[in-house]
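Heavy-atom basis, side chains included; hydrogens, waters and symmetry copies ignored. In what follows, residues are counted from 1 in the order of the sequence shown. On a predicted model such as this, the values are computed, not experimentally measured, just so you know.
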Amino acid sequence: MKHSFGLGVDVFTAGLNRLIELYEQGDRIMVCMSGGKDSTICAELAIMAATITKRLPVEIIMRDEEIMFPGTFEYCERLAARPEVQFHWVTAHQPVLNVFNRVNPYVWVFDPEVAPEDWVRQPPSICQDIPDMNIEMLVTAKRYPPDEGKRLIRVLGLRVQESPNRKLGLISSGGYLTGTDRHGVKSARPIYDWTDGHVWKAISENGWDFNTAYGTMFRMGVSSRNLRLAPPLQTVAQVNTLQIAANAWPQWFDKVCDRAPGVRTAAQFGKRAVMPVRRTGETWQDCFQRECIDEAPAEWIRERSQTVKERAIEAHSKRSTEPFPEVKPARGAINGGCWRQLAHIMYSGDPFAMKMSAFLKPLEPSFFRTGGGTWGGTPGFS
């Protein structure tokens, strides 16, 4: 495994040594698990490092979000049963984003207002409830205090290959270890320099267990470079994966469709079902006005789109005397710097404010459900 950052050792050794160093220092290490291949690598390296430093068991934490591709939680249950592991399996019953439903875009995990038999699956017996819906609160020094004088460190399976922004973030933090956040936690990214090839090579050569959903997706025609399993409801990009999943796991898909309105339509018609359609002769400004304001299916989408429209035009006017662009943002413009981008972003109302955070705030769970609670911070994915 050649090292991609020129540190003189292969990536496997580098990743293992980073974790060995943390365990040797006596810090409390929490490996954040999603069930994906990157967190799998982190868990296996942590088990090796803790074995070498005599710091077993390895603490692993996962927030259950109910809806993930079959094989994901089954793998996590096998991991939790290993004697080298102390597995913290939790749920906050928080809403997850369903971008395929423009009217009510939140689906509550293991919804207490829904009969358990109507959930996509049942949580395991080791699952514990936590009160905090904000993903940042999953690991805190208050909930998982380290020994006196030691640090609490969350291990993340972040790799810079997947995003230029991740690489910039890693460079700005000065290395694989971040500073301490407001919850008293540092984040470690021990495999930041691994590629997809390194990940699969390590799993294959060491005979490590992993999520069987990857194998199923590969057999369904997904290329190895595109084998990325993300929460299936939270981005439009998941439409193609859902279409494959409908054929790979038809019973699971039917249950998901019952829990999350709009999924079946999206899988049937593709991204067209969840994107604005510009009519013949329309400008993108006209399309935005019609799709996101005049004919929007919910008042909250209309209100948020109107707010974004006004603020985006105001921000543009401070940089240029030209009209607000149709299809190409002005140089240096923030996300949503033209009518085409605004139409695509605000078609769903952007309830998490993932793309228009400069102008909007996330919609609290209580907005869609009385007593639904608040995020207590920025909502995010597991």
query: So which heavy atom on F73 is nearest to which on E65, and how close?
result: CZ-N, 4.1 Å
- request: State, without any angle test, whether Q289 and K309 hold a side-chain donor-acceptor pair at a distance under 3.5 Å.
  value: yes
- request: Establish, from distance only, whether the side-chain atoms of Q128 and H88 form a donor-acceptor pair under 3.5 Å.
  value: no
Under the 3.5 angstrom rule, does the side chain of [X] hit a backbone N or O of [Y] as a donor-acceptor pair?
| X | Y | answer |
| --- | --- | --- |
| D10 | A14 | no |
| W339 | D286 | no |
| D132 | N134 | no |

Would one find more than 12 heavy atoms of other residues, nucleotides or ligands at under 6.0 Å from atom [atom1] of [X]?
| X | atom1 | value |
| --- | --- | --- |
| Q251 | CD | no |
| E117 | CD | yes |
| R272 | CZ | no |

task: Examine Y106 together with F368 and report whether their ring centres are nearer than 6.0 Å.
output: yes
query: Under 6.0 Å between the ring centres of F324 and W284?
result: no
- prompt: Given side chains that start at C-beta, do those of E113 and W108 come closer than 4.5 Å, heavy atoms only?
  reply: no
task: Using a 4.5 Å cut-off on heavy atoms from C-beta on, say whether the side chain of M346 contacts that of E291.
output: no
message: Would you call the rings of F367 and W300 parallel, tilted or perpendicular, taking 30° and 60° as the class edges?
response: perpendicular
field: Aromatic plane relationship, H198 with W194 - under 30° parallel, 30 to 60° tilted, over 60° perpendicular
entry: perpendicular
task: For the pair F253 and V120, evaluate side-chain contact (heavy atoms from CB on, under 4.5 Å) and give the outcome as yes or no after the intermediate values.
output: CA-CA 9 Å; F253 181 75; V120 172; over 6 Å; no
